[in-house]
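The block underneath contains the structure these notes are about, expressed in structure tokens.
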Amino acid sequence: MEQNDTPEYAQLKAGVTGSDLLEAVRRSGYPLQAAVATKLQQALSENEMRGEMQEEWAYLDRESGQVRALDVFADIPLSHSTDKSDRAHCRLNVLIECKQGELPYVFFLRKDAPQNSVSFPEIIGTASPDMQIFATVEHEEMPPDFSYLLSVHDALACHEFEIFDNPPFHAISLTKAARRGSKLELTGEDAYRSITLPLLKSADHLTSIAPTGDRDPIRFLTPLDVIDAPMIGTLQHEGKNIFLAIPWVRMSYLEPFNERQSWNRTSSRVRYFDVVHSSRLSKYLEILLGGVKACADRVIENHSVLKSGVAVMGPEERYVRMRELEEDRRKYIPEGPMGRVSKLYGGRQLGLQKGVEIDEDSIAVLDW
């Protein structure tokens, strides 16, 4: 009689084999999640940064009241580049969902960004998303009580860094291909529930729990979806649908402004998250970490005025450090701003040369 030396906890039953388990694990997405966490840790090390990382990070869905889990969350302290101490006046939070599959994700691209101003990565922990800016006293054309609204991103000239500037590819809608019998169909519901909602709701949860006192750090929020599946964009070009294989897309999602944010706005609030192919994640992280680290210097230099929401600033389009409002002009703050100003910048637009011939059923491969 043969004796089975395999312990009971190691005995597979019901006809399950090691190959069956391997296939199930590969399809589960957990190996991709582990690989993404590892790449993020490596990127931090290469940039001489440290941070706390958690997989299956718990957040509260405020609509349903349920606790849900995000695949990867990172909390990365940022100090001024000239500060050799461990003080962190600023933080980067990366919120990551991971998705894989054999069928493609399809992005409906637009040639221009849905808004002119830069607002991604999000910046939270300031007095407001906007600054009340007073002209310099040297600017004699303006009365001393004149002020205007300028977004925090524009006040910091964030567009000077690649991660903040409009990337080559913007999309207004994300869908996933699915087979229905012999036909291929696109569904936006699956992508919305499995990607858009988890990323934005986890960002909302973090915003609601992050301390915002005068001494608390200002945070960069970067919701990110990492995909191990074909990423195909479609674009209207001279009356035809053109297909483009792309490794990085900035997705936009529109929602109404609340009263605090609206100030004479009737358009919707545009929120963003990035979608990156897993094969280009390391390059994306290099751009993200480098840009945020440089912008953090500006946040730290302007920490006090960003917390107060009021500053003095000249008309320059480039970055200039903001100044505290003079005491004798602080009486004008309650009068409020007289308008909104946006900084002009080029951004990057997606375009194909006129007359370029691409068959409607072929896929052009692009990179950045």
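The structure presented is a predicted model; accordingly, all values stated were derived computationally and were not measured. One is the number of the first residue; the rest follow in order along the sequence. As a basis for the values below, the full set of heavy atoms in this structure was taken, side chains included, without hydrogen atoms, waters or symmetry mates.
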Q. Where is the tightest heavy-atom contact between Pro77 and Gly51, given as atom of each residue plus distance?
A. CD-CA, 4.0 Å
Q.
Quick check: do Ser173 and Phe107 have side-chain heavy atoms less than 4.5 Å from each other?
A. no
(Q) Taking the side chain as everything from C-beta on, heavy atoms only, tell me whether Phe146 gets closer than 4.5 Å to Phe134. (A) no
(Q) Is there a salt bridge (Lys or Arg N to Asp or Glu O under 4.0 Å) between Glu286 and Arg280? Walk through the geometry before answering. (A) CA-CA 10 Å; Glu286 179 183 342; Arg280 294 294 185 271; over 6 Å; no
**Q.** Sidechain-backbone polar pair: Lys39 side chain, Ser278 backbone, donor-acceptor under 3.5 Å
**A.** yes
Q: Please report the C-alpha distance between Asp61 and Arg68 in whole Å, then the side-chain angles of each, then the deciding distance to 0.1 Å, and finally whether the salt bridge (Lys or Arg N to Asp or Glu O under 4.0 Å) criterion is met.
A: CA-CA 7 Å; Asp61 183 331; Arg68 304 188 187 277; 3.0 Å; yes
Q) Do Arg271 and Asp204 meet the salt-bridge criterion of a basic N to acidic O distance under 4.0 Å? A) yes
Q. Just checking, is any N or O donor in the side chain of Tyr319 or Asn302 under 3.5 Å from an acceptor N or O on the other one?
A. yes
Q | From CG (Leu289) to CD1 (Ile163), nearest 0.5 Å | A | 9.0 Å
(Q) If I take atom CZ from residue Phe108 and atom CG from residue Leu174, how far apart are they, to the nearest 0.5 angstrom? (A) 9.5 Å
Q.
Hydrophobic clustering (ILVMFWY, side-chain heavy atoms < 4.5 Å, transitive) - are Val305 and Val341 grouped together?
A. yes
Q. What distance do Met338 atom CE and Gln132 atom CD have between them, rounded to the nearest 0.5 Å?
A. 10.0 Å
Q) Do the charged groups of Arg340 and Asp130 touch, with an N to O distance under 4.0 Å? A) yes
Q | Backbone N/O of Lys201 and side chain of Arg62: donor-acceptor pair under 3.5 Å | A | no
Q. Crowded around Glu316 CD? As in, over 12 foreign heavy atoms under 6.0 Å?
A. yes
Q. Looking only at heavy atoms, what is the nearest atom pair of Ser202 and Leu70, with distance?
A. OG-CD1, 3.8 Å
Q | Least distance between heavy atoms, Thr212 atom then Gly125 atom | A | CG2-CA, 4.2 Å
Q) Salt-bridged, Arg250 to Asp274, with N to O below 4.0 Å? A) yes
Q. Which heavy-atom pair separates Ala171 from Val249 by the least distance, and what is that distance?
A. CB-CG1, 3.5 Å
Q: Compare all side-chain heavy atoms of Leu92 with those of Val94 and state whether any distance is below 4.5 angstrom.
A: yes
(Q) Distance check, rounded to the nearest 0.5 Å: Leu306 atom CG versus Glu301 atom CD? (A) 10.5 Å
Q: Taking the side chain as every heavy atom from C-beta outward, state whether Asp71 and Val36 have any pair of such atoms under 4.5 Å apart.
A: no
Q. Would you call Arg91-Glu52 a salt bridge at under 4.0 Å N-O?
A. no
Q: Name all pairs fulfilling the salt bridge (Lys or Arg N to Asp or Glu O under 4.0 Å) condition that reach into residues 180-190, sequence neighbours left out, sorted by first residue then second.
A: Arg180-Glu185, Glu189-Arg193
Q. At their closest point, which heavy atom of Leu224 faces which heavy atom of Leu281, and how far apart are they?
A. CD2-CD1, 4.2 Å
**Q.** Note, Glu97 side chain near Phe273 side chain (heavy atom, < 4.5 Å)
**A.** no
Q.
Could you measure the distance from the OG atom of Ser128 to the NZ atom of Lys307? Nearest 0.5 Å is fine.
A. 12.5 Å
Q) Does any non-hydrogen side-chain atom of Leu156 lie less than 4.5 Å from one of Met322? A) yes
**Q.** Short side-chain donor-acceptor distance under 3.5 Å, His153 and Ser151
**A.** no
Q: In plain terms, say whether Arg329 and Asp145 are close enough for a salt bridge, that is, a side-chain N and a carboxylate O under 4.0 Å apart.
A: no
Q: Applying side-chain contact (heavy atoms from CB on, under 4.5 Å), run through His277 and Asp228 and close with a yes or a no.
A: CA-CA 6 Å; His277 194 269; Asp228 184 10; 4.3 Å; yes
(Q) Measuring only between side-chain heavy atoms, which start at C-beta, is Ile123 closer than 4.5 Å to Cys158? (A) yes
Q. Taking the side chain as C-beta and beyond, is there a heavy-atom pair between His303 and Ile218 under 4.5 Å?
A. yes
Q.
Under a 3.5 Å distance rule, please check whether Asp165 uses its side chain to pair with a backbone N or O of Phe161 as donor and acceptor.
A. no
Q) Hey, is the main chain of Pro121 close enough, under 3.5 Å, to the side chain of Thr222 for a donor-acceptor pair? A) no
**Q.** ring pair (Phe, Tyr, Trp, His ring centres under 6.0 Å) partners of residues 37-58, not counting sequence neighbours, each pair once
**A.** Trp57-Phe73, Trp57-His205
Q) Nearest 0.5 Å, what's the CE-CG distance between Met251 and Leu199? A) 10.5 Å
Q.
Quick check: Trp248 with Phe169 (ring centres under 6.0 Å apart)?
A. no
